[in-house]
Each structure stands twice: as structure tokens, then as C-alpha cells.
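What follows is a set of notes on a single structure, which appears directly below.
Worth saying up front: this structure is predicted, and the values here are computed from it rather than measured.
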Amino acid sequence: MNLEKTEYSISCKNLRKSFGEPPIEVIRGVEFGLKKGEFVSLTGRSGSGKSTLLYMLSGLDEPSDGQVILDGRNLFQMKSLEAHQFRNERIGFVFQFHYLLPELTAMENVLMPARKVNQQGLKKEYARQLFSEFDLENCKDKFPSQMSGGEQQRTAIARALIMNPSFLFADEPTGNLDTANGDKAMEIFGRVNRENNTTILFVTHDPDYAALAHRQIRLVDGKVESDTVQKH
Ligand SMILES: Nc1ncnc2c1ncn2[C@@H]1O[C@H](COP(=O)(O)OP(=O)(O)O)[C@@H](O)[C@H]1O
Ligand SMILES: [Mg+2]
């Protein structure tokens, strides 16, 4: 299996991560590729390594060993400034907790990734479009504390999408939401995948949400236990 082939838009090879002294390995030789436009769920028990894996795939954390190759580039061999820009443009990340900046309005939060590269003017129209699509029109000028949990998370999703990333990673994005808002967030992911061909990898504990993915990867003790493509 040649994981560096361009048919994979993200791949990892012999990925390993250890923590502590003596080191305990929590990701133990993970290897898979995601094709452009795939919609994939990542499941596994608490502590199985889902978050650690997602952080490494998105460059937020460095592996102890192995490689992550994004669009043909080895993520951890790039110079830090270049890696930072690459991530800002290509990768969106949604956490379980929204991590919006409390002193900024929803609109300012969504435009933050664009502001980092001086594109806030250029992206304003797209931001407005996302607010309208995500049913957030009345939230533009609100601060996170003035918004509901569902609105906060949809704002965080809009922020992750503002640069039109090729990849969207989401770590239990519905974990803090009630059913209606969780459904709404999943519906947004599905639409972004279909309409923008964004590659999406999301972690969930909910079997119904996992079933919405076209492919399901399951981790057990830091290894891929199963990797199944759904037949729809
Ligand atoms: N920064 C860290 N320092 C030490 N141990 C960690 C750290 N991050 C994660 N771990 C450990 O790695 C294992 C996998 O954690 P995690 O990736 O958060 O699992 P999951 O997201 O599947 O619940 C757990 O045993 C956790 O305690
Ligand atoms: Mg986790």
C-alpha cells in the first residue's frame, strides 16, 4: 500500500503517540488514507485515542513516530510558519466545546481565521452566507455568552469553514448539544460534504450519527479495529 499516492488527500503511516515517563503508547501504529470528499466517522471508547489521532492528523499535536501526509505534503516536515499557514487554509477543526473568543462577536469570531491572513474583507460575504445557511442571522453581533449552545457550536462550525478548507475534523461536535441542535450540526456537516466536497472526519459516540457517514473507522486501544464503507 503506497499511502503517498495522490488519490489520498490525507494519509497517515505508522502513526504513534506516547505520553508520560515511562512512555505509554496510546496511538499504536495507525495507518489509513482519506480520499477527497469522504465523509467518515471515528468511534471508539473513551480513552481509545480518538482525540489524540485527530490532533495529529490536523497538525495540532506532533506524533512520536510516523507520518501525516496532507495533499502530498508531510505535515511535520514543513517549517512552522508554513505549516501554520497550510493548516489555517486547508484544515478546519471543531471541538466539543466551541472555544469562541468571549470578547468577540460571532461575526468577528468567524472571520478570525481570515483576519490572520488579512482576508477579512474578502471573506465577509462568505461569512454572511454561512450565517444565513446556519440559521444564525440574529447572532452576527452577539457575543458568545448571549447565544445558545447550538448557536455557539454552529458559529464554531462557520469559523472552521470560513477558509473553505479541504478537510474538516470534528471532535465530538455534538457532545454538548441537545438532540435538535445535534441533528442540525450533523445536517450541516452532511451538506458541507455534499456541496463543497469537503473531506470530513468526525468523532461521535452516537451510533445514529456514525451511521450517517459513508465510512466508519473504529479505534480500540489506539489501533484501527475496523474500517467499513457503508453501502447506501
Ligand atoms: N496530554 C496528555 N498527556 C498524557 N496522557 C494523555 C494526554 N492526552 C491523552 N492522553 C491519554 O491518551 C489516551 C487516549 O486519550 P484520547 O485521545 O483523549 O482518547 P479519546 O478521545 O478516545 O477519549 C488516554 O489514556 C489519555 O489519558
Ligand atoms: Mg476525545
Side-chain angles (χ1 to χ4, degrees), residues 3 7-12 15 17 26-61 68 70 91-99 133-135 149-161 165-232:
L3 290 167
E7 73 201 56
Y8 290 109
S9 51
I10 293 190
S11 61
C12 55
L15 205 60
K17 180 74 179 180
V26 302
I27 294 294
R28 304 186 297 147
V30 168
E31 218 162 289
F32 63 85
L34 299 179
K35 292 193 190 95
K36 176 83 189 134
E38 277 195 299
F39 188 37
V40 185
S41 67
L42 180 63
T43 57
R45 286 195 177 162
S46 178
S48 58
K50 304 179 299 295
S51 296
T52 305
L53 177 59
L54 232 57
Y55 295 161
M56 292 193 288
L57 288 175
S58 56
L60 294 170
D61 198 4
V68 174
L70 244 99
I91 302 172
F93 204 105
V94 177
F95 298 88
Q96 180 171 358
F97 186 70
H98 59 77
Y99 293 118
E133 283 176 19
F134 295 1
D135 195 13
E151 289 167 343
Q152 290 168 343
Q153 190 61 313
R154 293 202 296 285
T155 303
I157 296 171
R159 178 182 56 183
L161 293 172
S166 316
F167 311 100
L168 182 65
F169 297 101
D171 193 2
E172 300 192 42
T174 61
N176 275 327
L177 302 178
D178 58 33
T179 306
N181 280 302
D183 289 356
K184 218 162 171 175
M186 285 312 303
E187 191 257 319
I188 286 172
F189 287 135
R191 196 175 350 136
V192 167
N193 169 257
R194 277 194 309 277
E195 293 176 5
N196 302 354
N197 206 29
T198 308
T199 308
I200 299 181
L201 179 62
F202 67 96
V203 173
T204 184
H205 283 294
D206 186 324
D208 291 339
Y209 291 156
L212 296 174
H214 307 150
R215 177 178 166 194
Q216 303 184 357
I217 297 176
R218 185 166 182 80
L219 276 191
V220 174
D221 295 337
K223 284 186 176 172
V224 174
E225 187 220 37
S226 64
D227 184 344
T228 15
V229 175
Q230 296 273 77
K231 290 188 180 61
H232 282 285

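- Gln96 is not listed as a side-chain neighbour of Val203, based on a closest heavy-atom distance of 4.5 Å or more.
- Note that CE of Met56 and OG of Ser51 are 11.0 Å apart. Values are rounded to the nearest 0.5 Å.
- Two residues are said to be in side-chain contact when any heavy atoms from C-beta on lie closer than 4.5 Å; Phe93 and Asp171 meet this criterion.
- Residues Ala185 and Ile157 share a closest heavy-atom pair of CB-CD1, 4.0 Å.
- The closest side-chain heavy-atom distance from Tyr99 to Arg159 is below 4.5 Å.
- Residues satisfying the side chain to side chain contact (heavy atoms under 4.5 Å, CB included) test with Ala158, not counting sequence neighbours, are Val110, Leu130, Phe134.
- Separation of the Phe95 and Phe97 ring centroids does not fall under the 6.0 Å cut-off.
- Looking at Lys50, its side chain does come within 3.5 Å of a backbone N or O of Gly44 through a donor-acceptor pair.
- Under the rule for a side chain to side chain donor-acceptor pair (under 3.5 Å), Ser166 has no partner lying at least two apart in sequence or in another chain.
- Residues Pro173 and Val94 come closest through the heavy atom pair CB-CG1, 4.0 Å.
- For the pair Gln153 and Asn181, the minimum side-chain heavy-atom distance is 4.5 Å or more.
- Of the options Leu53, Leu42, Leu168, a side chain to side chain contact (heavy atoms under 4.5 Å, CB included) to Leu201 is made by Leu42 and by none of the others.
- Of the candidates Arg218, Arg215, Gln216, Asp227 forms a side-chain hydrogen bond (donor to acceptor under 3.5 Å, both in side chains) with just one, namely Arg215.
- Atom CG of residue Leu219 and atom OG1 of residue Thr43 lie 7.5 Å apart, to the nearest 0.5 angstrom.
- A distance of 11.0 Å separates CD of Glu172 from CG of Asp206, quoted to the nearest 0.5 Å.
- Counting all heavy atoms, side chain and backbone alike, Val40 lies closest to Glu38 at CG2-CB, 3.8 Å.
- The shortest heavy-atom contact between Val68 and Leu57 is CG1-O, 3.8 Å.
- For the pair Ser41 and Ala213, the tightest heavy-atom approach, listed with the atom from each and the gap, is N-CB, 3.4 Å.
- Ring to ring, Phe202 and Phe39 are close: their centroids are under 6.0 angstrom apart.
- At least one side-chain heavy atom of His214 sits less than 4.5 Å from a side-chain heavy atom of Asn193.
- Applying the salt bridge (charged side-chain N to carboxylate O under 4.0 Å, His left out) test to every pair with at least one member in residues 179-190, sequence neighbours left out, gives these pairs: Asp135-Lys184, Glu187-Arg191.
- Checked by atom type and distance alone, the side chain of Thr199 pairs as donor or acceptor with a backbone atom of Gly37 at under 3.5 Å.
- The two atoms that bring Ile27 and Leu15 nearest to each other are CG2-O, 3.3 Å, heavy atoms only.
- With a 4.5 Å cut-off on side-chain heavy atoms, Leu212 and Thr204 do not count as touching.
- Looking at Ser9, its side chain does come within 3.5 Å of a backbone N or O of Lys36 through a donor-acceptor pair.
- Contact of the Arg28 side chain with the Asp221 side chain is registered, since non-hydrogen atoms from C-beta on lie closer than 4.5 Å.
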